[in-house]
Structure formats: structure tokens, C-alpha cells
Participant: 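Sharing a structure below in C-alpha cells format, with a few things to ask.
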Amino acid sequence: MQAGPQPTTAADGSVLPSVETGIPDGRSAMAAVLATAAWTAMGLVLWVLFPMTGAVLLPMCCIAPVGWYWAQRRRFTWYRVSALTLALVLAASYLLVNASWSLSVGTAARTVVLLFLLAGTLHVVLNTLPDLEEPPLRAMAIGALVGLGVAGSILCVEIFSDQSLRRFLMHLIPALQPSPNHIEMAAGHLARLAAYLPNASISVLTLMFWPAALLVDRLGTGLGTARQLRRLAPIAAVVVATTVFASEHGTSQVAFVGAGVAFALARLRPKLVMPVVIAGWTAAILLVAPVVSLLYSAGAQRAAWLPESARERVVIWRYTAEQIPQAPILGAGIGTARALYEAREANAPVAPGTHFRLTTSLHSHNAYLQVWYEAGAVGAAIVLLLGWVILWALRKYPSSVQPYLLATFVACALLVATAYSIWAPWYMAALAMAAVFASLGAALPEPRADRTPTVR
């Protein structure tokens, strides 16, 4: 006769409750698993559809991992500070000093506070996830995929229906209406919303594509829900790709393709991909100023075949690069570009042969250039180090996981190259949350078709 379920003991010798259908402890633990999945799903839906909530959602990523760790161990632990945490704290500490001469103190203060918060959140979550048992990890993974699927489907409908959901919500809640710069009116009524309004959501969707693919891969086929998700994965991938390429966000499209190339290279030439990515990251930091100057000298700002937004960026990049020598070592201060733009934009001259003004704009639309201008060579060196630390850390993961993590890194690196301010709270949080969900996928055990996971 087969023995009944045996209690599970933790590392400190304490007995963990066994969860089997039909017993009270089992029902309680199963309810906790379902609550974890629902919590994660709701967070993903909120994040994708309303990306500006990212800075608030980021610290909430600690709740499920820390809660499950406490449930399993009945204690907390102090994790060794990793090189990644040290690099993030170094960046935040330097920017705290840099903020003292910023022309936008509010922007600088928000950036520094969020960066410290980001470092703490990643330290806790990235260390806690590998110590969790399989059931909560799978619950978080399934919840993430369900939430991403729901949000992605809604976003797809938005893109192909001229933002019908946003217009409906604006009708119900007028306070949600964007500024007049983002809408077109006809006869006193809303005629059309700017097509670029969903771009931030498209960015989040692009960031989450490869972490989601890793989650699907690591879930395996042991559970019915996981099997269904794996069957739906190809359809979901097509929906996401279609949504990204039907949108107005060219940066996400470039990042999507670039990350896909990195993934394919990691699968086909695993020994070659890491040196290529490291070289690309190093070049992006060290060569950004001369490259944008060459683009301007070559007349890219007047190239009719380029989108207008791309031509305007060339002008912004060149002008920003020209300001770097004024404070080459320590930078002009976080948020200085926005402050100068708001003060001088009306009187700024126009770039020859274009209608674009020679200004820094609200920001440089290039994180690497923005760091050089506002944080100087010291800031650029710290960012360079941060990328190296991340890429070096990826080497410790199994070869089956590395292609997904590298693709996620490349997607992040390409997204910050031509869009948004790197100091934007929601953008910093989005990059960190992509790392959180990629780490969740890496923490899941290797799938085995002949094993059905048990909830303990």
C-alpha cells in the first residue's frame, strides 16, 4: 500500500504544510496559489494598459515572492549584495550628487529616489525567486502570461480600432482626456486621437515578449493550464508581433526585430552572441556622440525617406552632443535638458534645410546621449559598467535560458536608444520589471514531460 503524503521540512527543520485536495491545509494553500496567480495577472494588465503606474507597481513585485518565502521558511534572510545591486547603488549615489547642480530639482529627486527603490526591489526579488518552491513560481508565471494575454489582446483591439476603448473611457470620465496637443477636434467633437498615444504600452509589450516566451518554455507540460498556455503561445506571439508592427512606435519595432536576431544568434551560435552583445553595448556608450554627429553631417535630418520623427531626432541628437563638452566629466545635471528647452525653445534657431529647432528638446530621445549630457563621463562609465555586470551575470544561467535573457537585454538596450527619457519613472520601472519577469522564468525548474508538480 502506498504511504500517504508526508510533511515537507524546510532548511531549518520546520514542517511546511502539505497541500493535497480534500484536506484543510491543501485548500488553504491552493487558495494562496490561485490568489498569487490572480494578483500577478491583475498587475500585468494594469501595467501594460497604464504604463505610468509602473513606478507604483515595481515595489509591489516584492509582495508575492516575500510572502511565499515567509510561508515556506517562517523567517527572512539577508542575501549577499550582488555586483548588480552594487552597480545600481553606485549609480543612484552618483546621481544624488549630480542632482545638486541640476536645473530641474524635482526631476532629479524623483530619479534618485526611484533608482534606490529599484535597486532594493531587484535585490529582494532576484534573490528570493530562486529560493521559492515550484508551485508559487508556476502560479506567478501562469498569472503573468494570462495577464499579458488579456492586456495584449485589448491593446491589439485598440490599435486596430482607432483607440475605441480609450475614447469610450474618455466619454465616461472626461478627466482622462489627453491634452489638446494629442487630439483632433471637428465641429466641437472629438474626431481622432493621436496614433502615438498607445506607444508607451507598446514599449511594455515589447519588453515583456521574451520574458513571456521564457515563462512558456519553462512551464513545461505538467499542468493542464500550462498545456493550454503552450498551445496558445504561437497565436499570442503573432498577436503581439502584429500589434507592435501595426502601431506607430518605430522604436519598439526596431527593438522587437533586434531582440529576435539576438535570440536566433544565441540559439545558432551561442559562443558568438555574448561577445557581439558586449561589443554592441560598449559601442553604444562610447561612440554615441560621434555617430550622431556623422548622421547630421551626412544630412540624415533632410532625408525624405526617413520618418519626420527620426529626422527631428537627428537634429536633437546633434545639438545635444554639441553641449556635452560644456560639462564633460560630471554632466549638466539630471533633467537639465527639459529645463533649458522650456526656457529657450521659442527663440531657438532652426537647423539649416529643416523646420526643426536646434534644441535639446525635453530630452535627447537617446538614453546613452542623455546620460553623457546630463551625467557626464562618470555617469556614462557607470552605465557601461552596469551593462557589463548584467551580461556577466547572465553567464551563470543554463544554456537553455540564456537566449531569452540575452534577447530581453537587447530589447531593453534598443528601446532606450531612440525613445523617451531614461529618467522617466515609468520607463525606469519598466526596465526593472522586465528583469523581474525574466528572472521569474529563469527561476522555474527545467520542465520534464513525465513530472506533474505537486503543491506543497
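On a predicted model such as this, the values are computed, not experimentally measured, just so you know.
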Participant: Backbone N or O of Ser361 within a donor-acceptor pair of the Tyr319 side chain at under 3.5 Å?
Facilitator: no

Participant: Check whether any side-chain N or O of Asn98 sits under 3.5 Å from a backbone N or O of Glu374 as a donor-acceptor pair, and report yes or no.
Facilitator: yes

Participant: Indicate yes or no for a side-chain donor-acceptor contact from Glu134 to the backbone of Pro445 under 3.5 Å, with no hydrogens or angles considered.
Facilitator: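 Pair absent, no side-chain N/O of Glu134 close to backbone of Pro445.
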
Participant: What I'd like to find out is whether the side chain of Trp68 reaches to under 4.5 Å of the side chain of Leu137, using heavy atoms alone.
Facilitator: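 The answer is no, as the side chains (C-beta and beyond) never meet within the 4.5 Å cut-off.
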
Participant: Just how far is it from atom OG1 of Thr111 to atom CZ of Phe116, taken to the nearest 0.5 Å?
Facilitator: 12.0 Å

Participant: State the CZ-CG distance between Arg138 and Leu215, to the nearest 0.5 angstrom.
Facilitator: 11.0 Å

Participant: Over 60° means perpendicular and under 30° means parallel, so classify the ring planes of Phe437 and Trp47, tilted if in between.
Facilitator: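 Ring orientation, 0 to 90° scale: parallel.
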
Participant: Just verifying a value: how many Å separate Met42 CE and Met60 CE, rounded to the nearest 0.5 Å?
Facilitator: 9.0 Å

Participant: Would a 4.5 Å heavy-atom cut-off, applied to side chains only, mark Ser203 and Thr251 as touching?
Facilitator: no

Participant: Is the closest side-chain heavy-atom distance between Pro59 and Leu117 below 4.5 Å?
Facilitator: yes

Participant: Please identify each residue that fulfils salt bridge (Lys or Arg N to Asp or Glu O under 4.0 Å) with Arg218, with sequence neighbours left out.
Facilitator: Glu446

Participant: Can you tell me how far OG1 of Thr36 sits from CD1 of Ile63, rounded to the nearest 0.5 angstrom?
Facilitator: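 Rounded to the nearest 0.5 Å, the CD1-OG1 separation comes out at 11.0 Å.
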
Participant: What are the two closest non-hydrogen atoms of Ala432 and Leu58, and how far apart are they?
Facilitator: CB-CD1, 3.8 Å

Participant: Between Asp131 and Tyr79, is any side-chain donor less than 3.5 angstrom from a side-chain acceptor?
Facilitator: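 The criterion, which ignores hydrogens and geometry beyond distance, is satisfied for Tyr79 and Asp131.
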
Participant: Do Thr107 and Thr336 have side-chain heavy atoms sitting under 4.5 Å apart?
Facilitator: no

Participant: Taking salt bridge (Lys or Arg N to Asp or Glu O under 4.0 Å) as the definition, give me every residue that meets it alongside Glu322, ordered by chain and number, with sequence neighbours left out.
Facilitator: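 Expected list: Arg318.
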
Participant: Answer yes or no: is there a donor N or O on one side and an acceptor on the other, between the side chain of Arg357 and the main chain of Ala351, under 3.5 Å?
Facilitator: no

Participant: Sort and list the pairs that fulfil side chain to side chain donor-acceptor pair (under 3.5 Å) and have at least one residue in residues 288-310, not counting sequence neighbours.
Facilitator: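 Residue pairs with at least one partner in residues 288-310: Glu308-His355.
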
Participant: Is there a side-chain contact between Leu193 and Arg166 in this structure, where contact means two heavy atoms from C-beta onward sitting under 4.5 Å apart?
Facilitator: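 The answer is yes, as the side chains (C-beta and beyond) meet within the 4.5 Å cut-off.
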
Participant: Could you tell me the separation between the CD1 atom of Ile154 and the OG atom of Ser161, rounded to the nearest 0.5 Å?
Facilitator: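 Reported to 0.5 Å precision, the distance equals 11.0 Å.
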
Participant: In the structure I gave you, are the side-chain heavy atoms of Trp423 and His363 within less than 4.5 Å of one another anywhere?
Facilitator: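 Not in contact.
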
Participant: Does the side chain of Val125 reach to within under 4.5 Å of the side chain of Leu440, using non-hydrogen atoms?
Facilitator: no

Participant: With a 3.5 Å distance limit and no angle check, can you tell me whether Gln163 reaches the backbone of Ala194 through a side-chain donor-acceptor pair?
Facilitator: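 Yes, the answer is positive, given that a donor and an acceptor are paired below the 3.5 Å cut-off.
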
Participant: Could you pull out all donor-acceptor pairs under 3.5 Å where a side-chain atom in residues 252-262 meets a protein atom, sequence neighbours excluded?
Facilitator:
unit_1	atom_1	unit_2	atom_2	d
Ser252	OG	His249	ND1	2.6
Gln253	NE2	Val244	O	3.2
Gln253	NE2	Ser247	O	3.1

Participant: Counting N and O atoms only, with roles assigned by atom type, does the side chain of Asn127 sit under 3.5 Å from a partner on the main chain of His123, one being a donor and the other an acceptor?
Facilitator: yes

Participant: Which donor-acceptor pairs under 3.5 Å do side chains of residues 267-282 form with protein atoms, sequence neighbours excluded?
Facilitator:
unit_1	atom_1	unit_2	atom_2	d
Arg267	NH2	Tyr404	OH	3.3
Trp281	NE1	Leu384	O	3.2
Thr282	OG1	Ile278	O	2.8
Thr282	OG1	Trp388	NE1	3.1

Participant: Testing Thr360, Asn366, Val292 one by one against Thr320 for a side-chain contact (heavy atoms from CB on, under 4.5 Å), which residue passes?
Facilitator: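 Single pass found, and it is Thr360.
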
Participant: Drop me the distance from Leu126's CG to Ser439's OG, to the nearest 0.5 angstrom.
Facilitator: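 Rounded to the nearest 0.5 Å, the CG-OG separation comes out at 3.5 Å.
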
Participant: Of all residues at least two apart in sequence or in a different chain, which pass the side chain to side chain contact (heavy atoms under 4.5 Å, CB included) check with Leu431?
Facilitator: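 Only Leu207, Cys412, Val416, Ile422 meet the side chain to side chain contact (heavy atoms under 4.5 Å, CB included) criterion with Leu431.
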
Participant: Check whether any side-chain heavy atom of Trp101 sits under 4.5 Å from a side-chain heavy atom of Leu330, and report yes or no.
Facilitator: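 Of all side-chain heavy-atom pairs linking Leu330 with Trp101, at least one is under 4.5 Å.
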
Participant: Just by modelled atom types, is the Ser364 backbone N or O under 3.5 Å from a matching donor or acceptor in the Trp317 side chain?
Facilitator: yes

